[in-house]
K.L.:
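Quick one: the structure is below, questions incoming.
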Amino acid sequence: MKNKDIPTNTNFFDLVFQVVRLVPKGRVTSYGAIAKYLGTARSSRMVGWAMNKSHHHPIPIPAHRVVNRLGILSGKHHFANPTQMQQLLEQEGIKVKKDQVVHFKKLFWDPEIELKL
DNA sequence: TAGCTGACGAAAA
DNA sequence: TTTTTCGCCAGCT
């Protein structure tokens, strides 16, 4: 365990994936929220990075439920089709306007709050 | 092997 | 208040 105190089976990526999968349908979260929940608030970039790798991940990751802290579909361009992300969100009842989640503040799902103890 | 990039965010200027 | 810079760490070239 040279990599700090984090065991190999508790990779940052896997941790991110698990949190993302916990996001309930019709809700969205942000990269920073996940990063913060994992204790690496300043590693928000890594969260998005993990999403990138999610395509190669064995388990399905609802990456469309993860947006930046402004509620903007930052990663829509990484989907098969840029519109797919919005489509998926709308299917879950989330309204998207101009690549931005409507009422993002209300739909925001914070792991620190929802998963807290 | 070494360095660059990257779906962000927060602090500093 | 707005804009700019730094941090973060792992995967990819």
Side-chain angles (χ1 to χ4, degrees):
Chain A
M1 308 175 211
K2 297 194 296 186
N3 294 327
K4 302 181 179 180
D5 300 324
I6 303 175
T8 316
N9 61 333
T10 324
N11 284 341
F12 181 80
F13 278 45
D14 290 332
L15 222 44
V16 172
F17 295 143
Q18 293 194 40
V19 175
V20 175
R21 282 188 313 166
L22 291 174
V23 179
K25 182 181 178 182
R27 293 287 172 134
V28 291
T29 188
S30 67
Y31 305 97
I34 296 171
K36 192 174 182 180
Y37 175 71
L38 297 178
T40 54
R42 291 177 181 171
S43 304
S44 48
R45 293 173 112 194
M46 282 30 304
V47 178
W49 203 263
M51 296 289 98
N52 200 316
K53 191 187 161 205
S54 68
H55 286 284
H56 202 297
H57 207 268
I59 57 177
I61 309 297
H64 59 278
R65 292 181 191 157
V66 185
V67 296
N68 66 4
R69 89 177 199 77
L70 298 177
I72 300 173
L73 284 56
S74 331
K76 66 172 184 181
H77 213 49
H78 282 266
F79 282 76
N81 295 309
T83 54
Q84 187 176 15
M85 188 172 184
Q86 182 174 334
Q87 294 271 324
L88 290 169
L89 289 172
E90 290 181 338
Q91 284 178 30
E92 297 184 354
I94 300 174
K95 295 178 182 177
V96 180
K97 194 75 174 179
K98 294 180 182 179
D99 301 333
Q100 186 172 8
V101 176
V102 180
H103 301 306
F104 170 69
K105 195 174 180 180
K106 289 161 62 178
L107 298 173
F108 183 68
W109 184 84
D110 191 339
E112 280 193 304
I113 298 175
E114 306 296 334
L115 300 179
K116 71 177 181 183
L117 308 176

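Chain naming here is simple, since letters A, B, ... match the order of the sequence lines and numbering starts at 1 in each.
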K.L.:
Would the distance check show the side chain of A/N68 and the main-chain N or O of A/L70 forming a donor-acceptor pair, the cut-off being under 3.5 Å?
P.N.:
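Side chain of A/N68 to backbone of A/L70, a donor-acceptor pair under 3.5 Å: yes, one is there.
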K.L.:
If you look at every heavy atom in A/F17 and A/H57, which pair is closest and at what distance?
P.N.:
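Nearest pair, atom of A/F17 first, then A/H57: CE1-CD2, 2.9 Å.
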K.L.:
What is the separation between atom CG on A/L15 and atom P on C/dA10, rounded to the nearest whole Å?
P.N.:
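Atom-to-atom, A/L15 to C/dA10, this comes out as 13 Å.
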K.L.:
Would you sketch DNA chain C in dot-bracket for me? Only Watson-Crick or G-U wobble pairs with both distances under 3.5 Å count, crossing pairs as [ ], other-strand pairs as |, the rest as dots.
P.N.:
.||||||.|||||
K.L.:
Heavy-atom count around A/H77 NE2 within 6.0 Å, excluding the residue itself: above 12?
P.N.:
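No - once you tally the heavy atoms of other residues, nucleotides and ligands closer than 6.0 Å, there are 12 at most.
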K.L.:
List the atom of A/V23, the atom of A/R65, and the distance in Å for their closest heavy-atom pair.
P.N.:
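Scanning both residues completely, I find the closest heavy atoms to be O-NH1, 2.6 Å.
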K.L.:
What is the distance from CD of A/E112 to P of B/dG9, rounded to the nearest Å?
P.N.:
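Checked: the CD to P distance equals 14 Å.
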K.L.:
Select base, sugar-phosphate, or nothing to describe what A/S74 touches, counting heavy atoms under 4.0 Å on all strands.
P.N.:
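If one applies the 4.0 Å heavy-atom cut-off, A/S74 turns out to touch the sugar-phosphate alone, with no base involved.
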K.L.:
What is the distance, to the nearest angstrom, from the CG atom on A/D99 to the C1' atom on B/dA7?
P.N.:
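Distance, rounded to whole Å: 13 Å.
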K.L.:
So which of A/T83, A/V66, A/V96, A/V28 actually passes side-chain contact (heavy atoms from CB on, under 4.5 Å) with A/L73?
P.N.:
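Only one of A/T83, A/V66, A/V96, A/V28 forms a side-chain contact (heavy atoms from CB on, under 4.5 Å) with A/L73, namely A/V96.
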K.L.:
In whole angstroms, how far is the C1' atom of B/dC8 from the CZ atom of A/F108?
P.N.:
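It works out to 13 Å between those atoms.
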K.L.:
Would the number of heavy atoms belonging to other residues, nucleotides or ligands and lying under 6.0 Å from NE2 of A/H103 be above 12?
P.N.:
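No, NE2 of A/H103 has 12 or fewer neighbouring heavy atoms, counting only those of other groups under 6.0 Å.
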K.L.:
Give the residues of residues 43-63 of chain A touching DNA chain B, defined as any heavy atom closer than 4.0 Å, sorted by residue number.
P.N.:
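Contacts with DNA chain B under 4.0 Å: A/S44, A/R45, A/M46, A/G48, A/W49, A/M51, A/N52, A/S54, A/H55, A/A63.
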K.L.:
Can you name the nearest heavy-atom pair linking A/L22 to A/W109, along with the distance?
P.N.:
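Here A/L22 and A/W109 meet closest at O-CZ2, 3.6 Å.
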K.L.:
Can you spot which of A/I94, A/V67, A/V102 makes a side-chain contact (heavy atoms from CB on, under 4.5 Å) with A/L107?
P.N.:
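Filter result, single survivor: A/I94.
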K.L.:
Does a side-chain N or O of A/R42 approach OP1 or OP2 of C/dC9 to a distance below 4.0 Å, or not?
P.N.:
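The answer is no; no side-chain N or O of A/R42 sits under 4.0 Å from OP1 or OP2.
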K.L.:
Could you work out the separation of C/dT3 and B/dA7 based on their C1' atoms and round it to a whole Å?
P.N.:
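Taking atom C1' in both C/dT3 and B/dA7, they lie 22 Å apart.
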K.L.:
If I pick the P atom on B/dT1 and the same atom on C/dC9, what distance separates them, to the nearest angstrom?
P.N.:
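About 22 Å, rounded to a whole number of Å.
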K.L.:
In whole angstrom, give the distance that lies between atom CG of A/L38 and atom P of C/dA10.
P.N.:
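The answer, rounded to whole Å, is 13 Å.
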K.L.:
I need the CD1-C1' distance between A/I72 and B/dA7, as an integer number of Å.
P.N.:
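So the two atoms are 12 Å apart, to the nearest Å.
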K.L.:
Identify whether the distance between the nearest side-chain nitrogen and carboxylate oxygen of A/R27 and A/E114 falls below 4.0 Å.
P.N.:
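Judged by the 4.0 Å cut-off on N to carboxylate O distance, A/R27 and A/E114 do not form a salt bridge.
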K.L.:
Just how far, in rounded Å, is P of B/dC8 from NE2 of A/H77?
P.N.:
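So the two atoms are 13 Å apart, to the nearest Å.
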K.L.:
Once you round it to whole Å, what is the distance between C1' of B/dA7 and CZ of A/F17?
P.N.:
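It is 12 Å, rounded to the nearest whole Å.
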